[in-house]
Amino acid sequence: MITPPLALDVLARYPGLEKFGRTATRLHPRRGAVTATESHVGGPLLWPADEPWPTCATPCMVQEEVPIPAELLARMREAESRRTVPHVLADGEVELHEELARLVGPGFSGWGSVNGGPTVGYRYGPRPHPRPNPMVALAQLRAADVPDLPRPGGADLLQVLWCPFEHDTPPWGPIVELRWRREADVTATLTEPPCGETGAEGYVPQPCRLHPEQIVEYPYVEELPAELRALAEADEEYLDTFMAPGWKVGGYARWSLTDLLPTPCPRCAGPTTLALVIDSSEHGADRWRPTRADGAPDDDDPYEPTGVVVGRYGALRIFVCLTCPDVPFLLDQQ
């Protein structure tokens, strides 16, 4: 899978931008069978047999159903029948909604029914796991396959796991665990990792083979020096032209929701490096647009192959500190 090169006349519109170019590796995940010895999304990890599997003990966010008393439900239905404008509450409905919210309690998020079942109130809030929840294997990346993968302490393998729930801690998504190791150090491997609870299907990846491709990216608009920033801000296509979408290692972070934020190491407060972008989609404009692989099955989806959905169809970025010996990391969701 090859990304068309950037046209020289496009780069020429930004004098001096070329010196800010930084390599990144697009991972190009595509569904397929994987093994523990490969780079992949989903699937088995090259995990030492004598090393405990990571678990999560952080309370997860879940939706609970609360029964609505028949008398309150009847009054709500009667008030709803008096509506004359769609989506505009009728007289008395506001007060009834407030009454329902008090009944349901903190985290009230609405009311309704599923598949003809009873009408209930919904609340969304933290709940402890019944037991420490075994994490899900998200990705395994080999330095031999991914040229931009950091190699802290000489590690040549990165394993990423997460707890497949939303959590009541920033950035309000899965709890993430990183393991850096040397492939040669793993002899006996774990064959049956434990299984746990799953809060959202979008946090359980489909097994995907990777087709790594190294490309060159350029900085987010707010990271550019003043003259180049002015040019980029005047060009609506700058981001789509110079920054790759999808799963990638290295390169620059795209700050589409919050604008540029600092990413200090949580341990030493020093600078961090963008190690991995976990994206809900591979969709991109023009030169970044993914294509189906030759001979791919009919159900091959080049745009959403992993099945992973982060937040509201966004991306989770992992920034690592390569100075601290334990490689602390910072998460950001956009």
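- Listed by first then second residue, pairs satisfying side chain to side chain donor-acceptor pair (under 3.5 Å) with a partner in residues 216-225 read E217-K248, not counting sequence neighbours.
- Counting only residues at least two apart or in different chains, salt bridge (charged side-chain N to carboxylate O under 4.0 Å, His left out) contacts with residues 39-63 comprise E51-R179, E51-R181.
- Side-chain contacts under 4.5 Å among hydrophobic residues (ILVMFWY), followed directly or transitively, place V120 together with V114, Y122.
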Side-chain donor-acceptor contacts of residues 249-256 below 3.5 Å, not counting sequence neighbours, with atom names and distances?
| residue | atom | partner | partner atom | Å |
| --- | --- | --- | --- | --- |
| Y252 | OH | F20 | O | 2.7 |
| R254 | NH2 | D240 | OD1 | 3.1 |

Please list every donor-acceptor pair under 3.5 Å in which a side-chain atom of residues 191-201 meets a protein atom from a residue at least two apart or in another chain.
| residue | atom | partner | partner atom | Å |
| --- | --- | --- | --- | --- |
| E197 | OE1 | R127 | NH2 | 2.8 |
| E197 | OE1 | H129 | ND1 | 3.1 |
| E197 | OE2 | R127 | NH2 | 3.1 |

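- With sequence neighbours left out, the side-chain contact (heavy atoms from CB on, under 4.5 Å) criterion links R312 to no other residue.
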Determine all donor-acceptor pairs shorter than 3.5 Å in which one atom belongs to a side chain in residues 59-73; sequence neighbours excluded.
| residue | atom | partner | partner atom | Å |
| --- | --- | --- | --- | --- |
| E64 | OE1 | R123 | NE | 2.9 |
| E71 | OE1 | R75 | NH2 | 3.4 |
| E71 | OE2 | R75 | NE | 2.5 |

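- If you check the side chains of T23 and D148, you find a donor sitting under 3.5 Å from an acceptor.
- A side chain to side chain donor-acceptor pair (under 3.5 Å) check over residues 318-332, counting only residues at least two apart or in different chains, returns the pairs R267-D326, R317-D332, D332-Q334.
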Start with the C-alpha distance between F108 and Y124, add both sets of side-chain angles, then the distance that settles ring pair (Phe, Tyr, Trp, His ring centres under 6.0 Å), and finish with yes or no.
CA-CA 6 Å; F108 171 69; Y124 191 65; over 10 Å; no
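- Take P212 and apply the side-chain contact (heavy atoms from CB on, under 4.5 Å) test, not counting sequence neighbours, and it matches T25, D145, V146, L210.
- Hydrophobic cluster membership of V204, counting Ile, Leu, Val, Met, Phe, Trp and Tyr whose side-chain heavy atoms lie under 4.5 Å apart directly or via other members: none, as it forms a cluster of its own.
- There is a side-chain donor-acceptor pair under 3.5 Å between E304 and Y313.
- The salt bridge (charged side-chain N to carboxylate O under 4.0 Å, His left out) analysis of residues 164-176, with sequence neighbours excluded, yields no pairs.
- In this structure, V34 stands alone, with no Ile, Leu, Val, Met, Phe, Trp or Tyr side-chain heavy atom under 4.5 Å from its own, directly or through other members.
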